[in-house]
Amino acid sequence: MRRLTLGALALHPDRKERLLGISALTPPPQSNDVVETIVEFPDNRLLIGLCGEYDRNLSQIEHQMGVHILRRGNRLSVIGEKVAREQAAAVLRSLYARLESGRDVAAGDIDAALRMPKAGDPLRMAEGEQIEMFSGAGMELRTRKKPIEPRTEAQKTYVANLFQHELGFGIGPAGTGKTYLAVAVAVTMLISGAVEKIILSRPAVEAGERLGFLPGDMKEKVDPYMQPLYDALNDFLPAKQLQKLMEDKRVEIAPLAFMRGRTLSNAFVILDEAQNATSMQMKMFLTRLGQGSRMVVTGDRTQIDLPRGVTSGLHEAERILAGVKGVSFNYFTSKDVVRHPLVARIIEAYEAKEAI
């Protein structure tokens with residue numbers, strides 16, 4: 001049964017006061033302020049998937065778009081201001097189209113649908129354009145474990161550039177999917193045979209503290225620094241397959257210092273946390289590019305852990321390589337954060353403080 005939200009009860013003050021025993025939290029909307037958009041869905045089975053368990057999918061859309069959604073048979077009534085109402089109706093149609101194509105709808109998919117319309121004019125965005133954002137050319141990355149889709153326009157452009165350019169830079173704050181999407185593209189290209197191996201690298205730099213000498217052999221010493229890369233690979237490849245690929249050297253994870261002297265051919269190479277590479281290390285890494293290979297460099301300019309006075313190689317490369325043919329630069333902001341919503345607000349708060 002559809003749960004009765006406070007927003008829905010606001011349309012029936014007498015029922016609300018009787019059920020809750022409290023006065024209205026906000027005055028009931030005036031009739032000329034609230035209108036509804038009716039969206040009809042022919043397949044009740046798909047409609048159940050659209051609403052989600054206990055209507056949690058509808059609750060997510062209501063919360064983020066400031067509307068109320070009432071379920072009436074095979075119809076959903078969207079109540080709210082004109083702009084928000086039409087945006088929400090477009091999101092519902094695009095999610096239903098996703099279900100019609102045989103794909104599930106999870107919280108991340110709803111988040112993507114909610115973000116995409118805001119990049120354009122919500123009143124001019126056609127339903128066909130909404131559907132294209134999910135099924136457009138090359139925007140779904142198929143890995144061994146699950147398909148991955150960009151959730152924002154910046155992520156969508158980033159993925160497209162990684163396929164189109166030999167060298168791509170992803171620069172922006174934490175949580176914007178820079179490394180995650182790069183690894184997803186790498187796995188997709190490895191599966192398709194476009195490259196023969198994946199090489200993931202990071203500078204072995206502590207985040208603001210000194211850990212001293214770590215116990216164990218070389219792998220055990222560097223693995224703590226590389227753990228985020230292992231985490232991303234485990235999201236896209238089954239454990240046994242990943243282990244076999246690493247044994248065959250088709251997937252390598254190594255500190256940046258180990259890249260000197262290598263020529264990386266027919267490989268997808270990713271340098272993560274590039275803001276902690278020195279100028280010399282960055283030049284050394286970029287000149288490893290061999291025939292048939294692609295490189296991605298990701299970093300966050302606000303989280304540099306290099307000693308004071310040491311220039312970040314990412315900052316220098318950004319300045320030197322601007323405008324070079326075959327190189328793409330993609331920039332992310334707090335609006336592209338796809339972790340917990342609080343992460344975006346934390347980043348914005350720090351940016352505001354630094355701007356003072």
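On a predicted model such as this, the values are computed, not experimentally measured, just so you know.
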Is the closest side-chain heavy-atom distance between Leu314 and Asp300 below 4.5 Å?
-> no

From the list Leu289, Leu271, Ile199, side-chain contact (heavy atoms from CB on, under 4.5 Å) with Met295 holds only for Leu289

NE2 of His165: more than 12 outside heavy atoms within 6.0 angstrom?
-> yes

Give a yes or no on this: more than 12 heavy atoms of other residues, nucleotides or ligands lie within 6.0 Å of atom CD of Gln291.
-> no

Under 4.0 Å between a side-chain nitrogen and a carboxylate oxygen: does that hold for [X] and [Y]?
X      : Y      : value
Glu36  : Arg72  : yes
Lys82  : Glu86  : yes
Arg294 : Glu166 : no
Lys156 : Glu149 : no

Is it the case that the side chains of [Y] and [X] hold a donor-acceptor pair, with the cut-off being a distance below 3.5 Å and no angle test?
X      : Y      : result
Ser279 : Glu316 : yes
Asp43  : Tyr96  : no
Ser293 : Ser265 : no
Tyr158 : Glu153 : no

Stepwise side-chain contact (heavy atoms from CB on, under 4.5 Å) test for Lys178 and Phe169 | CA-CA 9 Å; Lys178 306 180 299 294; Phe169 284 79; over 6 Å; no

Would you say Arg98's side chain and Asp104's backbone share a donor-acceptor pair under 3.5 angstrom?
-> yes

Backbone of Thr278 reached by a side-chain donor or acceptor of Gln281 within 3.5 Å = yes

Please assess Val297 against Ile270 for the test side-chain contact (heavy atoms from CB on, under 4.5 Å), listing each intermediate value before the final yes or no.
-> CA-CA 6 Å; Val297 178; Ile270 300 173; over 6 Å; no

Among Asp336, Thr176, Asn161, Thr298, the one residue meeting side chain to side chain donor-acceptor pair (under 3.5 Å) with Asn330 = Asn161

